[in-house]
There are 2 protein chains.
Amino acid sequence: MIGPIETVLGQILSMNLKELASKLGLSPTTVSRALNGYPEVNESTRERVVAAAKRYNYSPNTRAIRLATGRAMAVGHVIPIATRHEIVNPVFADFIAGAGETYSRNGYDMLLSVVSDDDEEGAYRDLKSRGAIDGIIVHGPNQNDPRIPLLRDIGLPFVVHGRSTGTTLPYSWLDVNNRRAFQRATEFLLDLGHTRIALINGLEFMDFAIRRRTGYVDALAARKLAADPALMFSDEMTEVAGYQAARAMLALPHPPTAFLVSSMISGMGVRRAIESLNLHMGREVSVIIHDDELSYLRNGAEVPIFTATRSSVREAGRLTAEMLLDLIANPGEGPKERLLEADLIIGQSTGPAPRKN
Amino acid sequence: MIGPIETVLGQILSMNLKELASKLGLSPTTVSRALNGYPEVNESTRERVVAAAKRYNYSPNTRAIRLATGRAMAVGHVIPIATRHEIVNPVFADFIAGAGETYSRNGYDMLLSVVSDDDEEGAYRDLKSRGAIDGIIVHGPNQNDPRIPLLRDIGLPFVVHGRSTGTTLPYSWLDVNNRRAFQRATEFLLDLGHTRIALINGLEFMDFAIRRRTGYVDALAARKLAADPALMFSDEMTEVAGYQAARAMLALPHPPTAFLVSSMISGMGVRRAIESLNLHMGREVSVIIHDDELSYLRNGAEVPIFTATRSSVREAGRLTAEMLLDLIANPGEGPKERLLEADLIIGQSTGPAPRKN
DNA sequence: AATCAGTTTCAAACCGCTTTGGACAAGTCA
DNA sequence: TGACTTGTCCAAAGCGGTTTGAAACTGATT
């Protein structure tokens, strides 16, 4: 009889190594080696084994491999749920899609842990001591992030997506040059003649938000302009928050003529605020956003709607995952760092500053 | 010496069962039983064991448990990446956050597989035959979804988030009553005097989109109104698609006075189209959206911006995961079904139909 | 013919837990 | 008193692979 065994229920029982070996008249050792590409097995034997494995639909039991090798062949991602505001970062989906591609390609599984943020440390320790994963990716680092020394202490290989200002320990990270991106964007607005430029930022304990603000402030300072606290806003990056902040600023006696906005979603709120006052984006008010190239929130079809600093978070996921697998495979090597530059792409949301009247 | 052993590298080596047992002068059998709550162990012994386990920071090796018990203690989620349009469904993040809470609470891991959609079948077979998971959740079912018979055939417990019109096999699912939700929304618009109601739907090979259209068509038919094909649009649910569809419809000789929109994101595009024509949502044009209560896309702060059919996808994640764990624990029981009703919440985006002039 | 190296194969130990089938002591019943 | 429970514990056999150390065979060398 050929092919996998069918039970009464129609379920396919995959056979195990011992069965396959006896079917071939070989020892499990040889079969295992043949399938795993070890040199000490005759080529013709290997071919027989490989053919039989395919014919009988054999695939080795992951649980057994993991126990035998001591490796989990899995990478963890911890999603902290803020107990206060319960927000799932919308860039997660795309980052994870990118990372997942890398894992699939390399035979790794991706383990997601959803954890309330006051229990994150416990989650890391648990994943490590249970031996559930070989490494982990750290999301959304804050200033002086405690997770970095923690992971170093418990000896779990990790790569940070982003960086942590204030951390002096060396660690592996991949980040977008957020400071440079917002510096360039600010310069671009200044070149267009804007001087009242508002910053609608994310939460400024997050590292990326700190760096973006620095870029913005630096660019202003280079032109001898001081950042106006009334034009700097920091909050959760939601549509509503963007709308409210922009409304409030546009109602100031001396309103901004341009907005630098930390995300596409906040940007849509800013746009709504502008249009609700019968103003026009790219005419009376200019807007630049940061575009993570989220797959479900494209910045326009062919023509970009927003002028934007752009960097694909999906690609970041792919690359960060590659760095981690590399780190796992070569534990001896030191930390790796990688800085991606964002593109500045010009859309329809920016134009010359309106003349004073 | 008290506490876990520290190596030169400062890594914490967690001890294993055998070591703990010998430290206690007991057999591994007894220690295992004491920790797992079996009755055949003296209470005082159990206390000693539990205390020692805590003191030495013992946590059993997941890999070994899995091999020994034959259970993976893990649930799979397959994220298909459409090779054509490469879109990650934005509701994934929140659904998974909800499901993840359930898994954590029950000691299960969540395994995410990112797979190109032409290879999804292979991914399921692989997960099953490797023994990597005990069950799986099916996302985004289409009409006559082939995954349902497939999973039944390979004998992998599963619950579908959504349903599959045309599938006659019984299977477990959890769904929102999409038909009823859109029927009620349409009735609400009809009651406000609207007769030209447009439908901006998702891709209509997706089951939820089919059901929503049915609800919409039924409600119109109940008032002896025929659905106008010119007012029915189906595409990816992006902001840009919503904008373009609404722009086009509003330019018709006999434009709609109301829009029924399948998602918050498309709804933002529709709103932009309306405002770009100097019309006002809730005045000249009414809009109802479906609100999945995505954490990063709240429908307004206190006051909802959009009138909406509302159903929390995060809660759906929690409940679907519970159903699956139940199914895994009680394989004998038949398929379970659960239909959630969406709320109709009234926001500022709907109002009476404008008088004809 | 004996020795040796190289190739190919295998038996058995091992990974760290669970679980089966006793063993042993103490208490109960006839 | 002997037979039977009951309570408590343990040795050993698993789960399904990988990996070590040795055996068997081949052909070449002395």
Side-chain angles (χ1 to χ4, degrees), chain A residues 4 13-50 52-53 56-74 107 109 128-134, chain B residues 4-5 13-50 52-53 56-74 107 109 126 128-134:
Chain A
L13 295 181
S14 45
M15 64 172 26
N16 62 24
L17 183 64
K18 210 202 288 185
E19 289 162 11
L20 180 63
S22 81
K23 208 144 264 211
L24 281 160
L26 289 169
S27 75
T29 309
T30 303
V31 176
S32 169
R33 286 186 162 150
L35 293 173
N36 290 314
Y38 282 77
E40 57 272 76
V41 45
N42 190 306
E43 262 324 305
S44 67
T45 309
R46 189 193 305 280
E47 279 163 27
R48 264 180 65 217
V49 171
V50 169
Y56 293 110
N57 195 24
Y58 168 74
S59 62
N61 184 304
T62 307
R63 298 191 284 260
I65 292 180
R66 287 176 176 168
L67 180 58
T69 59
R71 292 179 306 158
M73 292 305 286
D109 284 331
K128 165 70 179 180
S129 67
R130 279 166 48 214
I133 54 173
D134 297 318
Chain B
I5 303 152
L13 294 181
S14 45
M15 64 171 27
N16 62 25
L17 183 65
K18 209 201 292 186
E19 289 161 12
L20 181 62
S22 82
K23 210 144 261 211
L24 282 160
L26 289 168
S27 76
T29 309
T30 303
V31 176
S32 168
R33 287 187 160 148
L35 293 174
N36 290 315
Y38 282 78
E40 58 270 77
V41 46
N42 189 306
E43 263 322 306
S44 68
T45 309
R46 190 193 305 281
E47 278 162 26
R48 265 180 64 218
V49 171
V50 169
Y56 292 111
N57 194 26
Y58 168 73
S59 62
N61 184 304
T62 307
R63 298 191 285 260
I65 292 180
R66 287 176 176 168
L67 180 57
T69 60
R71 293 181 304 158
M73 291 306 285
D109 283 332
D126 183 57
K128 165 70 180 181
S129 67
R130 279 165 48 213
I133 55 174
D134 297 318

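Reminder, nothing fancy here: chain letters follow the sequence lines and each chain counts from 1.
Residue A:R130 contributes atom CZ, which lies 15 Å from atom C1' of C:dG16 at whole-angstrom precision. Between the P atom of D:dC15 and the CZ atom of A:R66 lies a distance of 20 Å, rounded to the nearest Å. Rounded to whole Å, the distance from OH on B:Y38 to C1' on D:dC9 is 16 Å. The nearest whole Å value for the distance from the CG atom in A:L17 to the P atom in D:dT18 is 7 Å. Rounded to whole angstrom, the span from the NZ atom of A:K18 across to the C1' atom of D:dA13 amounts to 11 Å. Rounded to an integer number of Å, the gap from B:R63 CZ to C:dC15 P is 13 Å. Distance B:L67 CG to C:dT19 P: 12 Å, rounded to the nearest Å. Following rounding to the nearest Å, B:L26 (CG) and D:dA11 (C1') show an atom-to-atom distance of 14 Å.
By the 6.0 Å contact criterion, CZ on A:R71 is open, its count of non-hydrogen atoms from other residues, nucleotides or ligands being 12 or less. The local environment of CZ in A:R130 is crowded, with over 12 non-hydrogen atoms from other residues, nucleotides or ligands closer than 6.0 Å.
Considering only side-chain atoms of B:E40, the nucleotide from C:dT18, C:dA11, D:dC9 that sits closest is D:dC9. Taking the side chain of A:A64 as heavy atoms from C-beta on, and the options D:dA11, D:dG14, D:dG16, the nearest nucleotide is D:dG16. Of the candidates D:dT18, D:dC9, D:dT19, D:dT18 carries the atom nearest the A:I65 side chain, counting heavy atoms from C-beta on. Looking at the side chain of B:N16, the nearest of the listed nucleotides C:dG16, D:dT18, D:dG17 is C:dG16. Which of D:dT18, C:dT8, C:dG21 sits closest to the side chain of B:R33 comes down to C:dG21.
Using a 4.5 Å heavy-atom threshold, the side chains of A:Y58 and A:V31 count as separate. Side-chain contact between A:L24 and A:V49 is present, with heavy atoms from C-beta onward closer than 4.5 Å.
The residue A:T69 sits close only to the backbone: its heavy atoms come under 4.0 Å of sugar-phosphate atoms, none of a base.
One distance of note links CZ of A:R48 with CG of A:L26; it measures 5.0 Å at 0.5 Å rounding.
Side-chain nitrogen and oxygen atoms of B:N36 include at least one within less than 4.0 Å of the OP1 or OP2 phosphate oxygen of C:dT18. A close approach under 4.0 Å does not occur between any side-chain nitrogen or oxygen of A:T29 and OP1 or OP2 of C:dC10. The side chain of A:N42 contributes an N or O atom lying less than 4.0 Å from OP1 or OP2 of C:dT8. At least one side-chain nitrogen or oxygen of B:T45 sits closer than 4.0 Å to the OP1 or OP2 atom of D:dC9. Within the structure, a side-chain polar atom (N or O) of B:T30 is placed less than 4.0 Å from OP1 or OP2 of D:dC10.
Remark on DNA chain D: of its neighbouring residues B:P28 and A:Y58, the 5'-side contact belongs to B:P28, judged by nearest-heavy-atom nucleotide.
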